[in-house]
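Each remark here refers to the structure printed beneath this line.
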Number of protein chains: 2
Amino acid sequence: MIRLANYIRSLIDINDADLRVILSNFSKKKLKKGTFILKHGQVASSYYFIASGAIRIFSGDEPKDKTLWIAFENEFIAELPSIKFLTPSSFSFQAIEETTLITIESGKMDRLYEEFPQFQAFGRQIWEKAFLKVVDNVTLLQTENATERYKKAVLKTDYIQRVSLKYLSSYLGITQTSLSRLRKKIK
Amino acid sequence: MIRLANYIRSLIDINDADLRVILSNFSKKKLKKGTFILKHGQVASSYYFIASGAIRIFSGDEPKDKTLWIAFENEFIAELPSIKFLTPSSFSFQAIEETTLITIESGKMDRLYEEFPQFQAFGRQIWEKAFLKVVDNVTLLQTENATERYKKAVLKTDYIQRVSLKYLSSYLGITQTSLSRLRKKIK
DNA sequence: CTGAGAAATTGCCAAATGACAAGAAAGCTA
DNA sequence: TAGCTTTCTTGTCATTTGGCAATTTCTCAG
């Protein structure tokens, strides 16, 4: 919970009392490796903060799934379009390690927005961050070759090295074989 | 203006009178080919609807720029993060044909949201559309080879064929040379 | 600690894409 | 329309990436 508190504080100004109330609306969940927290086609109803572990967001079904994003500790994630517009999710969310999540239902989130208007800035920033990350990704995929994409991904987060090649490769837009080879060449 | 009216109507329910007031806040602009409506580093302050023509959104500077998106008639575009958070724009917007824009300043847009709450749904959908488009793009870049990406881009909009290879190639994440060749092969 | 299943590596070869430069075609302006 | 500029195409060759299958390594439940 402290991690979440710090995360919120890093994005908005808020006093201790308000923050405490906000946090009381969240609940903790432990997930085993492999657990799905959302499957594509379902309507998403929660926001997730990763206290520890890693979640992969992907489209399609294994083994031909495509990893859109991999989130690690101290990251706030959600299937925003599905939550906001009650449409079926395009993506599945899966824990790829033992993971501790701190979650909140979207209804509660909305009530917090009403009760604490300054908290709305938090919601907006989640959107913005998500948007910018995806845009960055497009640029990377358009611009760099596989080797550079891998290097930059590692630079951004060491965590990325915890991810199996199977998942990482589709995130980088290459095959597992190629990723294995280029990683070897880099060393 | 009729085009914009239809566009708004396609996204939200709104009566004639309200729509008329809303439209009166927009203004028309004609742009010659090559004109910039926003350069990266500037803070964006307007939303744009393309009545005719085409706008390309790109990062970096020519000739090494990367085209993130190409928008055509009946598309609503904006540098949303820059508008919302007053941060410098990461992208430049440039007319790549003679273009007629219908624009509105963000301040006026905000006032419309207050005056016509149902219009907020319009704003939200712009965000969502932008987000989904970018996500689609990631998936495409991750999943398909250059030939497929080109085919799918053409399938989505015939308009794409109006775009010079120079711009189109970086949008597809390949070189102009390769695009020229693969286009020949397809015919 | 062990053995089955999953994941990663490697070899071999084919296909796709890139780099660079030259020439052809198309578009624009006076 | 002529002439200039930009864009497009093509040739050659190098490099990157993919496909497939065999083998090795790793992981984890029992």
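Order of the sequence lines sets the chain letters (A, B, ...), proteins ahead of strands, with each chain counted from 1. The structure displayed is predicted, hence computed values, not measured ones.
- Atom-to-atom, CG of Leu182(B) to P of dA15(C) comes out at 17 Å; the value is rounded to the nearest Å.
- In this structure, Lys29(A) has no side chain to side chain donor-acceptor pair (under 3.5 Å) partners at least two apart in sequence or on a different chain.
- Every pair passing side chain to side chain donor-acceptor pair (under 3.5 Å) that includes a residue from residues 162-174 of chain A is listed here, sequence neighbours excluded: Thr67(A)-Ser170(A), Glu73(A)-Arg162(A), Glu97(A)-Arg162(A), Asn137(A)-Tyr171(A).
- Atom pair Glu98(A):CD and dC28(D):C1' shows a separation of 13 Å (rounding to whole Å applied).
- Shortest non-hydrogen contact noted between Ile160(B) and Leu168(B) is CG1-CD1, 3.6 Å.
- Between Phe122(A) and the options Phe76(A), Phe116(A), Tyr113(A), a ring-ring contact (aromatic ring centres under 6.0 Å, His included) holds for only Phe76(A).
- Put simply, CD1 on Ile186(B) is 12 Å from P on dT9(D), counting in whole angstrom units.
- When the side-chain contact (heavy atoms from CB on, under 4.5 Å) test is applied to Thr143(B), the partners found at least two apart in sequence or on another chain are Lys66(A), Thr139(B).
- Here Lys151(A) pairs with Thr147(A), Glu148(A), Ile186(A) under the side-chain contact (heavy atoms from CB on, under 4.5 Å) rule; sequence neighbours left out.
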Pairs under 3.5 angstrom, nitrogen or oxygen only, protein versus nucleotides 25-30 of chain C, please.
| unit_1 | atom_1 | unit_2 | atom_2 | d |
| --- | --- | --- | --- | --- |
| dC28(C) | OP1 | Lys33(B) | NZ | 3.4 |

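- The residues Arg3(B) and Glu75(B) are annotated as not salt-bridged, no charged nitrogen and carboxylate oxygen being separated by less than 4.0 angstrom.
- The ring of Trp127(B) has its center closer than 6.0 angstrom to the ring center of Phe131(A).
- Within the 4.0 Å cut-off from OP1 or OP2 of dT9(D), not a single side-chain nitrogen or oxygen of Lys184(B) is found.
- Between Tyr7(B) and Phe49(B), the ring center distance clears the sub-6.0 Å criterion.
- Considering only residues two or more places apart in sequence or on other chains, Arg183(B) meets the side-chain contact (heavy atoms from CB on, under 4.5 Å) condition with Tyr150(B), Leu165(B).
- Using a 4.0 Å cut-off between a side-chain N of Lys or Arg and a carboxylate O of Asp or Glu, Glu98(B) and Lys32(B) do not qualify as a salt bridge.
- Judged as a side chain to side chain donor-acceptor pair (under 3.5 Å), the pairs with a partner in residues 34-49 of chain B (not counting sequence neighbours) are, in order, His40(B)-Asp61(B).
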Which pairs, protein N/O on one side and nucleotides 4-8 of chain D N/O on the other, fall under 3.5 Å?
| unit_1 | atom_1 | unit_2 | atom_2 | d |
| --- | --- | --- | --- | --- |
| dT7(D) | OP1 | Lys166(B) | NZ | 2.7 |
| dT7(D) | OP2 | Lys166(B) | NZ | 2.9 |
| dC8(D) | OP1 | Leu165(B) | N | 3.0 |
| dC8(D) | OP2 | Leu165(B) | N | 3.1 |
| dC8(D) | OP2 | Lys166(B) | N | 3.1 |

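- When the ring pair (Phe, Tyr, Trp, His ring centres under 6.0 Å) test is applied to Phe85(B), no partner is found at least two apart in sequence or on another chain.
- Taking the C1' atoms of five terminal pairs at each end of the helix from dC1(C)-dG30(D) to dA30(C)-dT1(D), the two resulting helix axes are inclined by 60°, rounded to 10°.
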Would you tabulate the pairs of protein nitrogen or oxygen atoms and nucleotide nitrogen or oxygen atoms of nucleotides 18-25 of chain D closer than 3.5 angstrom?
| unit_1 | atom_1 | unit_2 | atom_2 | d |
| --- | --- | --- | --- | --- |
| dG18(D) | OP2 | Thr175(A) | N | 3.2 |
| dG18(D) | OP2 | Thr175(A) | OG1 | 3.3 |
| dG18(D) | OP2 | Ser178(A) | OG | 2.7 |
| dG19(D) | O6 | Arg181(A) | NH2 | 2.7 |

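- To the nearest 0.5 Å, atoms NZ (Lys133(B)) and NZ (Lys156(B)) are separated by 9.5 Å.
- A straight line from CD1 of Ile96(A) to P of dA7(C) spans 12 Å, rounded to a whole angstrom.
- With 3.5 Å as the limit, one finds no donor-acceptor pair spanning the side chains of Ser180(B) and Thr177(B).
- A heavy atom lying under 4.0 Å from DNA chain C marks none of the residues of residues 140-149 of chain A.
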